[in-house]
Amino acid sequence: MAGAMRALGLGGKIGYGIGDFGLNLYWQSILLFIVFFHVDMLGLSAWEAGICFFIVGVWDAIMDPLVGMLSDRARGRLFDRMGRYRPFILLGAVPLGLAFTFCFYPPSWLSPGTSGMLAFALISHMLLRSAYSVVGIPYSSLTAAITRDADERASLTGWRMLFAFSGAMTVSAMLPLLAEYFAAGGGGNGYGPAAAITAATATLALLACGAAVRERGRGLAGGDSAPPPLAGFFPAVMRNGPLLRVMAATVLVHVSLGLLMRNLPYLFKYDLGNASLSGIALPWLTAAGVVSVPAWVALAKWRSKRDCWLIGSAMTAVGCLGLPLLHGLWPTLVCLTIIFIGHTAHAVAGWSMLPDAVDFGEWRCRRRDEAKIYGGASCMTKLAVGASGIVSGWALALVGFMPNVEQAAETVEGFRLLAGLLPSLGMLASMVVIWGYPLDAARHRRIRTFLGRRQPAL
């Protein structure tokens, strides 16, 4: 089994990682800019944009398990030749790019702030999330299929996160700067052409990933035998303690920290007084996360993935608590840098814990549900992200935010207070949940050895 990872090699790791570069061009655009675009460009109220984001999050959460079940049961000549997951990446890359571009091109005959514009925002975002699920769930499922070694999964996840954060850094700089450039050239909505360029870049990255990666994990998971039926899946999940802990902690992080992350463009524009800071500060903050990835991977190997999560959550909480206490450009950037570095640990630890939980479920319940588990975990994450949209809209409405006008001092103070306290409480709650995570490297190694002995019977 360890040979599967060695056979993958550096080129395979890079090929796999570049797929998350493409996916994060989309995902970070959704998290950082789409609500801002809906409010400032489409004329929706903050509350309407938050409700829209939540509805789409629920839709996305429904899509993820369905795609997981579909990819688990994929059969046919194409899948026999290319693998269970690669065809979804290769065939879905172009439709995903088109759906993303469509989101930022509202019809010219729709007036800002109307019910028609609200409908466009909702439908276009739902199409984007559907296309994203078709590519993203099979892509994530590859991690569990490539290797069963816990340390190698941390290494592979580290490479993936390097590319993921590089994608986030790229789009956080590229999208607002390109939008400003095209808008200044008399194009009105500069986000449309900026989104088209972003989509073209992401499509090339996903196609390169699909061409480079070779699935080696099907034999690890029982060869080409039929996947276990849906019946029994949910009872198996409820018996998978490590999986439930990871999912619960991830939900807490996304709901609480989403209040800040969804509204960063507002913080730069209305608090710090410079909308163009999004194109300068966000790449810097994401770069800080990129640089920290090797350190978090090393900590996960040296100590444990649980400790990686706990330390990262503590750092994130400290950065959040600094926001209501420290004002001004540089103190705010220092707090945000601490938050981004700490939050990187959640990505490194969470995405490498998840395949270990897949192995735990196979060991305990004698069934392996890679894509269904990834789909379910993604479902919970998307629900949390959608809920963060509601929380973000509620927070802006609570402090009296009004778009495209100078904000009152109490509005800025209120937002900083909420953006500091609520995420800190969420980080603390996630630490309590993840404290009991039982799969350290030694226990996972014993489970993996047991599964290796059981393999002929699968």
Side-chain angles (χ1 to χ4, degrees), residues 22-23 25-60 62-63 92-136 171-172 174-203 206 262-263 265-266 269 275 278-279 382 385-386 389-390 392-393 396-397 401-405:
L23 287 174
L25 292 181
Y26 296 126
W27 186 243
Q28 294 303 319
S29 297
I30 293 170
L31 295 186
L32 293 174
F33 299 116
I34 202 161
V35 171
F36 179 80
F37 178 78
H38 286 169
V39 173
D40 266 35
M41 299 297 297
L42 303 190
L44 275 60
S45 70
W47 182 247
E48 287 174 332
I51 292 291
C52 180
F53 197 89
F54 174 73
I55 293 173
V56 174
V58 173
W59 169 263
D60 197 1
I62 294 171
M63 283 292 300
V94 172
L96 174 56
L98 294 175
F100 179 79
T101 304
F102 177 59
C103 271
F104 293 90
Y105 266 112
S108 58
W109 43 269
L110 286 178
S111 300
T114 61
S115 57
M117 192 64 83
L118 175 62
F120 167 80
L122 181 63
I123 294 171
S124 62
H125 196 178
M126 290 175 71
L127 289 174
L128 170 60
R129 293 292 196 96
S130 300
Y132 186 92
S133 292
V134 169
V135 176
V171 79
S172 62
M174 183 169 68
L175 192 62
L177 291 179
L178 284 175
E180 186 176 354
Y181 169 78
F182 286 113
N189 172 26
Y191 277 91
I197 293 173
T198 302
T201 306
T203 299
L206 288 168
R262 297 302 80 76
N263 291 324
Y266 298 108
K269 181 176 180 179
S278 292
K382 301 294 179 57
V385 170
I390 289 283
S392 300
L396 290 178
F401 168 80
M402 295 292 292
N404 297 312
V405 298

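Numbering starts at 1 and runs along the sequence shown.
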Q: Start with the C-alpha distance between Leu23 and Tyr132, add both sets of side-chain angles, then the distance that settles side chain to side chain contact (heavy atoms under 4.5 Å, CB included), and finish with yes or no.
A: CA-CA 8 Å; Leu23 287 174; Tyr132 186 92; 3.8 Å; yes

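- One distance of note links CZ of Phe102 with CG of Leu127; it measures 6.5 Å at 0.5 Å rounding.
- The side chain to side chain donor-acceptor pair (under 3.5 Å) pairs that include a residue from residues 106-127 are His125-Arg129, where partners are two or more places apart or lie in different chains.
- Thr198 places none of its side-chain heavy atoms less than 4.5 Å from the side chain of Phe104.
- You'll find the side chain of Ser29 stays beyond 4.5 Å of the side chain of Phe37, heavy atoms only.
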**Q.** Verdict with supporting geometry, Phe182 and Ile197, side chain to side chain contact (heavy atoms under 4.5 Å, CB included)
**A.** CA-CA 12 Å; Phe182 286 113; Ile197 293 173; 3.9 Å; yes

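- The two residues Val39 and Ser45 make their nearest non-hydrogen contact at CG2-O, 4.1 Å.
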Q: Take Phe53 and Ile30, measure what side chain to side chain contact (heavy atoms under 4.5 Å, CB included) needs, and give me the verdict at the end.
A: CA-CA 9 Å; Phe53 197 89; Ile30 293 170; 4.0 Å; yes

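- Taking every heavy atom of both residues into account, Gly192 and Thr101 meet most closely at O-CG2, 4.5 Å.
- Minimum interatomic distance between Leu178 and Ala194 (heavy atoms only, all atoms of both residues): CB-CB, 3.6 Å.
- Between Ser172 and Gln28 there is no side-chain heavy-atom pair separated by less than 4.5 Å.
- Note that CD1 of Ile123 is 14.0 Å distant from CG of Leu128, once rounded to the nearest 0.5 Å.
- Closest approach of Met126 to Val56, counting heavy atoms only: CG-CG2, 3.8 Å.
- With values rounded to the nearest 0.5 angstrom, Phe100 atom CZ is found 7.5 Å from Cys103 atom SG.
- Here the closest heavy-atom approach between residue Ser133 and residue Asp60 is recorded as OG-OD1, 2.7 Å.
- Between Tyr105 and Pro193, the closest heavy-atom pair is OH-N, 3.2 Å.
- Atoms NE2 and CZ, from His38 and Phe120 in turn, are 7.0 Å apart once rounded to the nearest 0.5 Å.
- Between the CD1 atom in Ile34 and the CG atom in Leu42 there is a gap of 9.0 Å [rounded to 0.5 Å].
- Here the CG atom belonging to Leu25 is positioned 9.5 Å from the CG atom belonging to Leu175, to the nearest 0.5 angstrom.
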